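Below is one structure, written out as structure tokens; comments come after it.
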Amino acid sequence: MSGVGGHDGLDGLGVVVTGGGSGIGAAVCRQLAEAGARVGVLDRRAETAHAVADEVGGLALVADVGDTAALESALTAADAGLGGLRGLVNNAGIGNLKRFESYTDRDIDLIWKVNVTGVYAGIRAVAPLIRAAGGGAVVNVASVSGVRPTRGEAPYSAAKAAVVALTQAAALELGPELRVNCVSPGFVRTPLNEMLAADDAMRHGIEARTPLGRVGTAEDVADLVVFLLGQRAAYLTGQNVVLDGGSVLTSGQMDPVLGPLLDQFGGPPPA
Ligand code: NAI
């Protein structure tokens with residue numbers, strides 16, 4: 001961002017976070033407020049949007065990002081209410097879990113509308129506002145599922161891959177006034193997947209397949225999002241940063257073959 005003053009250069013700048021009422025979005029709102037930004041907390045659930053906005057001294061915006069007209073009005077209201085917009089975090093997203101052949105057109109349309117059309121419409125609406133305010137940054141939240149599809153999440157994986165391509169296209173067309181980057185988290189413990197994370201056996205299984213040995217936190221993602229929004233990322237655009245503790249590196253195909261050979265011939269394990 002081209003703003004001046006404060007940590008990350010975000011002090012006093014208006015930034016909207018979609019899906020800001022819970023999980024990753026709420027953590028981003030908190031860190032932005034700590035960096036001195038004026039935060040617009042956009043969520044389809046009024047109660048959570050207001051709760052987080054009250055907590056961070058921000059502006060609550062109630063809209064469904066899949067309703068592009070409502071999203072555009074909310075962003076226009078944020079521009080007026082926050083004294084100009086210099087950033088947008090397209091974080092709201094939804095998924096589902098079904099076998100490939102069980103997804104209906106309706107399921108696919110809904111996932112696409114929220115995760116892809118909502119992101120596109122958000123960028124399209126803020127671009128002129130950010131330009132008018134003097135330039136800024138957009139960060140999209142995709143998923144490691146878009147880089148390495150997950151079984152049972154075909155439309156979600158495809159939609160998140162589209163968000164990465166959309167990030168690159170927007171960065172290409174909207175510079176130099178706008179930088180556009182993307183974050184693709186691996187498993188992050190939030191209300192979205194608390195049922196899995198709270199199950200010790202399930203969580204330990206995930207941790208065992210993660211080189212950094214733990215699941216991610218919403219704060220891990222917020223650290224990166226705030227960095228990408230801020231002045232220290234001033235020369236970074238069109239990038240997708242996978243933030244997953246190394247989970248995509250897990251060599252599931254060869255581990256069962258090479259693991260026993262490594263135990264036999266690979267020398268002693270580390271003390
Ligand atoms: P969450 O369920 O805790 O929070 C999502 C928030 O977005 C909720 O407050 C919800 O009301 C809001 N929201 C959902 N649909 C909306 C819509 N159509 N319009 C406006 N607001 C809407 O979820 P979490 O985990 O914080 O996820 C945030 C983003 O991170 C999503 O895009 C998700 O796909 C992505 N992600 C999450 C991962 C995880 O393991 N938790 C992993 C990879 C990506």
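Whatever order the structure lists them in is the order used to number ligands and atoms, beginning at 1. Since the structure is predicted, the reported quantities are computational estimates derived from the model, not experimental observations.
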note = Counting heavy atoms under 4.0 Å, the part of Arg189 that contacts ligand 1 is neither
query = So does Glu207 pair up with Arg203, basic N to acidic O under 4.0 Å?
reply = yes
ask   = Has ligand 1 got any nitrogen or oxygen that is less than 3.5 angstrom from a nitrogen or oxygen of Asn193?
value = yes
ask   = Considering only the protein, which heavy-atom contact is closest to atom 42 (C) of ligand 1, and what is its distance?
value = Gly186 O, 3.1 Å
task = Using a strict cut-off of less than 4.0 Å between a Lys/Arg side-chain nitrogen and an Asp/Glu carboxylate oxygen, indicate whether Asp220 and Arg214 qualify as a salt bridge.
result = yes
query = If you measure from each non-hydrogen atom of Val114 to ligand 1, which part falls under 4.0 Å: side chain, backbone, both or neither?
reply = side chain
request  = Would you confirm whether Asp244, through its side chain, and Val248, through its main-chain N or O, come within 3.5 Å as a donor-acceptor pair?
outcome  = yes
key: Under-4.0 Å heavy-atom contact with ligand 1, by part of Val221 that carries it   = neither
query = Quick one: does Val188 get an N or O within less than 3.5 Å of an N or O on ligand 1?
reply = yes
key: Short side-chain to backbone donor-acceptor contact, Tyr103 and Asn96, under 3.5 Å   = yes
task = Could you tell me whether some N/O pair between Gly25 and ligand 1 is separated by less than 3.5 angstrom?
result = no
inquiry  = I'd like to know if Ala26 contacts ligand 1, where contact means a heavy-atom distance under 4.0 Å to any ligand atom.
reply    = no
ask   = Is the closest N or O pair between Tyr156 and ligand 1 shorter than 3.5 Å?
value = yes
ask   = Does the pair Arg124 and Glu72 meet the rule for a salt bridge (charged side-chain N to carboxylate O under 4.0 Å, His left out), with working shown?
value = CA-CA 9 Å; Arg124 189 178 58 201; Glu72 283 162 20; 3.2 Å; yes
ask   = Mind checking whether Val144 has an N or O less than 3.5 Å away from an N or O of ligand 1?
value = no
message = Does only the side chain of Ala63 get under 4.0 Å from ligand 1, or the backbone, or both, or neither? Count heavy atoms.
response = backbone
ask   = In terms of side-chain geometry, is the basic nitrogen of Arg106 or Asp109 positioned less than 4.0 Å from the acidic oxygen of its partner?
value = no
ask   = So is Gly95 close enough to ligand 1, meaning a heavy atom under 4.0 angstrom away?
value = no
